[in-house]
Amino acid sequence: MPRLLLPPPHRLIALFENGGITRAQLQAAMTIHQQRLLVEIAEARENPVLSCLDEKLSRFAANRLERRHGERLIRMVLGALADMENFPPAHLLWNAGHLDVPLHCFFRLRREPVFRLIRLTMDPLGVKVVIEHGRASKRQTTRQEIQLVRDRFGKLSAESGARRN
């Protein structure tokens, strides 16, 4: 039986505002998100050298993507990925539209669960993205190619996602 994913915070708030969940359910789900963050903070404190290395690699990857494609496009792509239903890395990307959160915070190159943006290709209708997510081992990551299309207002949304292992 597949494990049900906990929706990211922005979807939880939307569910609450639409009456889909109660206040108690919202608070319980947000508590789970908070506990996950606290575990990551504790892991970073246990091994500061590995944490620093992962941050440096993430900064390098984010800077390279920003030079090639621009910060605005990268944030739009990450935001569109966060809005996909049943997308495991959505809990890492939910606040990609917030400009006060540095871009490198969304990439996890070695620390699990990993999230790597492998390739980004622009075409007239939208953007094609190849990402890897999941386990840190290359053999156990999930590689996914997703076509993001623009609506008439210029917002990106997912059209299709083909999984490859």
Side-chain angles (χ1 to χ4, degrees), residues 1-16 21-69 71-120 129-146 148 156 158 161 163-165:
M1 176 178 217
R3 189 178 139 229
L4 295 175
L5 297 173
L6 182 65
H10 74 289
R11 270 200 244 132
L12 287 170
I13 292 169
L15 276 171
F16 173 69
I21 59 174
T22 65
R23 181 178 196 82
Q25 290 171 325
L26 172 68
Q27 289 175 339
M30 292 302 274
T31 300
I32 293 170
H33 280 294
Q34 178 186 15
Q35 289 170 345
R36 288 179 181 173
L37 287 173
L38 292 173
V39 166
E40 284 193 22
I41 291 169
E43 288 173 355
R45 283 191 172 179
E46 285 176 10
N47 200 341
V49 174
L50 230 57
S51 178
C52 182
L53 176 65
D54 192 51
E55 182 181 345
K56 296 272 187 206
L57 290 171
S58 297
R59 283 181 189 271
F60 177 75
N63 287 337
R64 185 181 57 209
L65 284 168
E66 190 175 349
R67 277 192 313 273
R68 288 182 182 167
H69 305 288
E71 180 180 8
R72 184 170 179 246
L73 177 65
I74 301 298
R75 287 187 184 275
M76 286 177 65
V77 166
L78 295 177
L81 292 173
D83 288 336
M84 288 176 57
E85 289 292 324
N86 295 323
F87 185 62
H91 71 280
L92 299 171
L93 308 173
W94 68 273
N95 57 350
H98 297 219
L99 296 176
D100 55 336
V101 180
L103 197 56
H104 74 272
C105 294
F106 305 109
F107 301 104
R108 299 169 65 116
L109 303 179
R110 293 195 178 169
R111 191 171 30 138
E112 288 187 9
V114 298
F115 178 77
R116 302 178 188 114
L117 203 143
I118 305 298
R119 191 175 333 118
L120 191 136
V129 177
V130 178
I131 60 167
E132 286 183 347
H133 60 88
R135 306 285 303 200
S137 169
K138 280 284 197 181
R139 290 188 180 112
Q140 295 176 337
T141 56
T142 301
R143 184 172 276 211
Q144 199 169 3
E145 184 176 293
I146 301 168
L148 302 172
L156 291 173
R163 283 184 181 233
R164 296 182 305 212
N165 287 335

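The figures here come from the full heavy-atom set of this structure, side chains too, leaving out hydrogens, waters and symmetry mates.
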Legend entry - Any side-chain heavy-atom pair of Phe107 and Ile74 under 4.5 Å: yes
Legend entry - Sub-4.5 Å side-chain heavy-atom contact between Met76 and Leu148: no
Inset, instruction - Please report the closest heavy-atom contact between Leu109 and Ala61, naming both atoms and the distance. - result: CD1-CB, 4.0 Å
Inset, instruction - Determine, stepwise, if the pair Arg111 / Glu40 fulfils salt bridge (Lys or Arg N to Asp or Glu O under 4.0 Å). - result: CA-CA 10 Å; Arg111 191 171 30 138; Glu40 284 193 22; 3.5 Å; yes
Legend entry - CZ on Arg110 to CG on Asp54, rounded to 0.5 Å: 8.0 Å
Legend entry - Nearest-0.5 Å distance, CE of residue Met84 to CG of residue Leu93: 10.5 Å
Legend entry - OG1 on Thr141 to CD1 on Ile118, rounded to 0.5 Å: 8.0 Å
Inset, instruction - Please examine the side chains of Ile146 and Phe87, heavy atoms only from C-beta on, and report whether any two atoms are closer than 4.5 Å. - result: yes
Inset, instruction - Please check if the side chain of His10 supplies one atom and the backbone of Asp83 the other of a donor-acceptor pair under 3.5 Å. - result: no
Inset, instruction - List the atom of Glu112, the atom of Gly134, and the distance in Å for their closest heavy-atom pair. - result: CG-O, 4.4 Å
Inset, instruction - Using modelled atom types only, decide if a donor and an acceptor are shared between the side chain of Ser51 and the backbone of Asn47 within a distance under 3.5 Å. - result: no
Inset, instruction - Find the distance between CG (Leu73) and CG (Leu156) and round it off to the nearest 0.5 Å. - result: 7.0 Å
Inset, instruction - Please confirm whether the backbone N or O of His98 pairs with a side-chain atom of Arg75, one donor and one acceptor, at under 3.5 Å? - result: yes
Legend entry - Non-hydrogen atoms of His91 and Pro8 that approach each other most closely: CA-CB, 4.1 Å
Inset, instruction - Can you see which heavy atom on Leu12 is nearest to which on Ala29, and at what distance? - result: CD1-CB, 3.5 Å
Legend entry - Criterion side chain to side chain contact (heavy atoms under 4.5 Å, CB included) on Val77 and His69, from CA distance to verdict: CA-CA 11 Å; Val77 166; His69 305 288; over 6 Å; no
Legend entry - Pairwise side-chain contact, Pro113 with His133, heavy-atom cut-off 4.5 Å (strictly under): no
Legend entry - Heavy-atom side-chain proximity of Phe106 to Leu117 below 4.5 angstrom: no
Inset, instruction - Using modelled atom types only, decide if a donor and an acceptor are shared between the side chain of Asn63 and the backbone of Arg59 within a distance under 3.5 Å. - result: yes
Legend entry - Spacing of Gln25 atom CD and Leu15 atom CG [to the nearest 0.5 Å]: 9.5 Å
Inset, instruction - Evaluate the side-chain proximity of Leu103 to Leu65: yes if any heavy-atom separation is below 4.5 Å, no if none is. - result: no
Inset, instruction - For Arg11, enumerate each residue passing the salt bridge (charged side-chain N to carboxylate O under 4.0 Å, His left out) test, keeping only those at least two apart in sequence or located in another chain. - result: none
Legend entry - Arg64 side chain to Arg68 backbone, donor-acceptor under 3.5 Å: no
Inset, instruction - State, yes or no, whether a side-chain contact exists between Leu38 and Gln34 at a heavy-atom distance under 4.5 Å. - result: yes
Inset, instruction - Find the distance between CD (Glu132) and CZ (Arg119) and round it off to the nearest 0.5 Å. - result: 10.5 Å
Legend entry - Atom of Phe115, atom of Leu92 and distance for their closest heavy-atom approach: CB-CD1, 4.1 Å
